[in-house]
Asker: 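Once you've had a glance at the structure underneath, I'll fire off some questions.
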Amino acid sequence: MFDVDANGISIPVLGYGTYKVKGADGSRVVEEALEVGYRHLDTAQIYENEADVGAAIAASGVPRDDLFVTTKVWPTNTHPDRMLASVEESLAKLRLDRVDLLLIHWPKFETTLEETIEQLVAAREKGYTRAIGISNFNREQTDRAAAVSGGTLAVNQVEYHPFLDQSALKETLARHKMALVAYSPLAQGRVIDEPTVSSMADLKKRDPAQVALRWLIQQPGVIAIPKASNPERMRANFDIFSFELSDEEMHAINRIGAPTGRLVSPADLAPDWTA
Ligand SMILES: NC(=O)c1ccc[n+]([C@@H]2O[C@H](COP(=O)([O-])OP(=O)(O)OC[C@H]3O[C@@H](n4cnc5c(N)ncnc54)[C@H](OP(=O)(O)O)[C@@H]3O)[C@@H](O)[C@H]2O)c1
């Protein structure tokens, strides 16, 4: 495992995504992820599992300083009157004094992008989080948000997997020294049937999911947060540090993706992805 530097913040390159990991079963699954070795956990207010993740962290015995915990503010909590209180609620549920990374979940605001990012900066100044970032922002919104933050945003968390070309956004993020956190890195499981990835996996005696994750984390400034509730898959997804993809293999997977290969684009939340 290695860390990615994102505007001075070190982030473990592989995290565990907790969407739909909920309740007592969810806590058990998160504890299992911590036993496997994951040290970076991704949750959100809307997942309604912050308390379950908090319970797992408390039960795991993993020292707080060894963990990197991200949560995300839901659009309806972005109003300046509400944002900080909603983050306090998240912290109480997570049983933490502060998170490591606090994100705005979607570029949909109760007031404006500028006021929302100012509140995010205020959350950091209050010590509620070590670092701040955005999620699902397009390039133009990323530029605006980075400017309001005084160039201190650490990441933009967006969909990224072999079916989706994110090279334009990656250039924008590199310009701001921000990392790209790849969500749905396995294309929600679809990547295992992709012919280039699966034949490469056969040749390398690896799983297709391992090849897809390796392809992501081998790119500068890219972090991946796969979700697996099955313990064997959780373990397999963590076992990606003992092999490499050649330049040719990297290029072969690069050629699969198209800007239109997106799976997640809710009409009421998504920005114009081309801007
Ligand atoms: N910021 C955002 O708006 C946003 C949006 C979506 C997701 N996210 C974050 O990103 C995380 C991951 O994304 P995701 O859950 O959408 O999709 P994903 O990680 O791409 O795929 C998860 C699916 O793949 C399966 N899987 C996992 N490992 C596998 C393997 N080795 N071989 C075969 N299948 C495998 C899982 O099965 P099992 O679970 O049955 O093991 C699950 O059905 C989320 O949990 C969440 O934290 C953020």
Side-chain angles (χ1 to χ4, degrees), residues 1-6 8-74 86-103 105 123-124 126-133 135 154-155 157 179 181-183 185-186 207 209-210 213-214 216-217 222-242:
M1 173 76 83
F2 56 92
D3 284 358
V4 170
D5 181 85
I9 296 288
S10 278
I11 306 180
V13 71
L14 185 69
Y16 180 72
T18 70
Y19 182 45
K20 292 189 182 159
V21 176
K22 265 177 98 161
D25 280 356
S27 277
R28 192 182 38 73
V29 168
V30 174
E31 256 193 89
E32 214 154 317
L34 292 170
E35 266 166 42
V36 165
Y38 291 88
R39 289 293 177 268
H40 167 178
L41 301 174
D42 182 80
T43 181
Q45 293 174 344
I46 198 70
Y47 300 171
E48 294 183 337
N49 67 357
E50 290 172 309
D52 307 317
V53 171
I57 292 171
S60 72
V62 176
R64 172 67 186 94
D65 288 350
D66 292 354
L67 283 175
F68 190 94
V69 181
T70 301
T71 197
K72 315 184 196 80
V73 176
W74 191 244
S86 87
V87 178
E88 285 164 12
E89 275 174 39
S90 291
L91 293 174
K93 288 177 183 163
L94 284 161
R95 308 188 201 177
L96 299 176
D97 296 334
R98 63 174 185 179
V99 287
D100 297 282
L101 181 59
L102 183 68
L103 308 180
H105 206 146
R124 186 185 56 205
K126 273 183 147 314
Y128 293 173
T129 184
R130 283 204 299 135
I132 54 173
S135 178
V155 312
Q157 182 182 127
V181 179
Y183 78 65
L186 305 172
D207 294 338
Q210 291 176 317
L213 292 172
R214 182 73 212 182
L216 285 167
I217 64 154
V222 176
I223 293 160
I225 51 166
K227 176 247 172 188
S229 40
N230 172 301
E232 270 172 39
R233 296 205 275 261
M234 191 190 280
R235 225 170 272 282
N237 296 347
F238 194 74
D239 181 17
I240 56 170
F241 299 99
S242 56

Asker: Given 3.5 Å as the limit, does a donor-acceptor pair link the side chain of Arg39 with the main chain of Leu34, or not?
Answerer: yes
Asker: Using ring pair (Phe, Tyr, Trp, His ring centres under 6.0 Å) as the criterion, list what pairs up with Tyr183, not counting sequence neighbours.
Answerer: none
Asker: Do Arg124 and Leu102 make a side-chain contact, defined as non-hydrogen atoms from C-beta onward lying under 4.5 Å apart?
Answerer: no
Asker: Going by the rule salt bridge (charged side-chain N to carboxylate O under 4.0 Å, His left out), which residues pair with Asp5 if we only count those two or more places apart in sequence or in a different chain?
Answerer: none
Asker: side-chain contact (heavy atoms from CB on, under 4.5 Å) with Phe68: which of Ile9, Asp3, Ile223?
Answerer: Ile9
Asker: Per the side-chain hydrogen bond (donor to acceptor under 3.5 Å, both in side chains) rule, what does the pair list look like for residues 25-36, sequence neighbours excluded?
Answerer: none
Asker: If the condition is side chain to side chain donor-acceptor pair (under 3.5 Å), which residues does Gln45 pass it with, not counting sequence neighbours?
Answerer: Asn77, Ser86, Ser90
Asker: My understanding is that only residues two or more places apart in sequence, or in another chain, count here; which of them pass ring pair (Phe, Tyr, Trp, His ring centres under 6.0 Å) with Tyr19?
Answerer: Tyr47
Asker: Identify the heavy atoms of Asp239 and Gln210 that sit nearest to each other, and give their distance.
Answerer: O-NE2, 3.4 Å
Asker: Can you name the residues that form a salt bridge (charged side-chain N to carboxylate O under 4.0 Å, His left out) with Asp207, not counting sequence neighbours?
Answerer: none
Asker: Could you name each residue pair satisfying salt bridge (charged side-chain N to carboxylate O under 4.0 Å, His left out) that touches residues 9-20, not counting sequence neighbours?
Answerer: none
Asker: Does some side-chain heavy atom of Thr18 sit less than 4.5 Å from a side-chain heavy atom of Val30?
Answerer: yes
Asker: If you look only at pairs with a residue in residues 57-66, which of them pass as a side-chain hydrogen bond (donor to acceptor under 3.5 Å, both in side chains), with sequence neighbours excluded?
Answerer: Arg64-Asp100
Asker: For Lys227, what residues pass the salt bridge (charged side-chain N to carboxylate O under 4.0 Å, His left out) criterion, not counting sequence neighbours?
Answerer: none
Asker: Where is the tightest heavy-atom contact between Gly23 and Asp52, given as atom of each residue plus distance?
Answerer: N-OD2, 2.8 Å
Asker: Looking only at heavy atoms, what is the nearest atom pair of Leu101 and Gly133, with distance?
Answerer: CD1-N, 4.1 Å
Asker: Would you indicate whether the side-chain heavy atoms of His40 and Thr70 approach each other to under 4.5 Å?
Answerer: yes
Asker: Applying side chain to side chain donor-acceptor pair (under 3.5 Å), name anything that partners Glu88, two or more places apart in sequence or on another chain.
Answerer: Tyr128
Asker: Arg235: what forms a salt bridge (charged side-chain N to carboxylate O under 4.0 Å, His left out) with it, not counting sequence neighbours?
Answerer: none
Asker: Identify, with sequence neighbours excluded, every residue that meets side chain to side chain donor-acceptor pair (under 3.5 Å) alongside Lys93.
Answerer: none
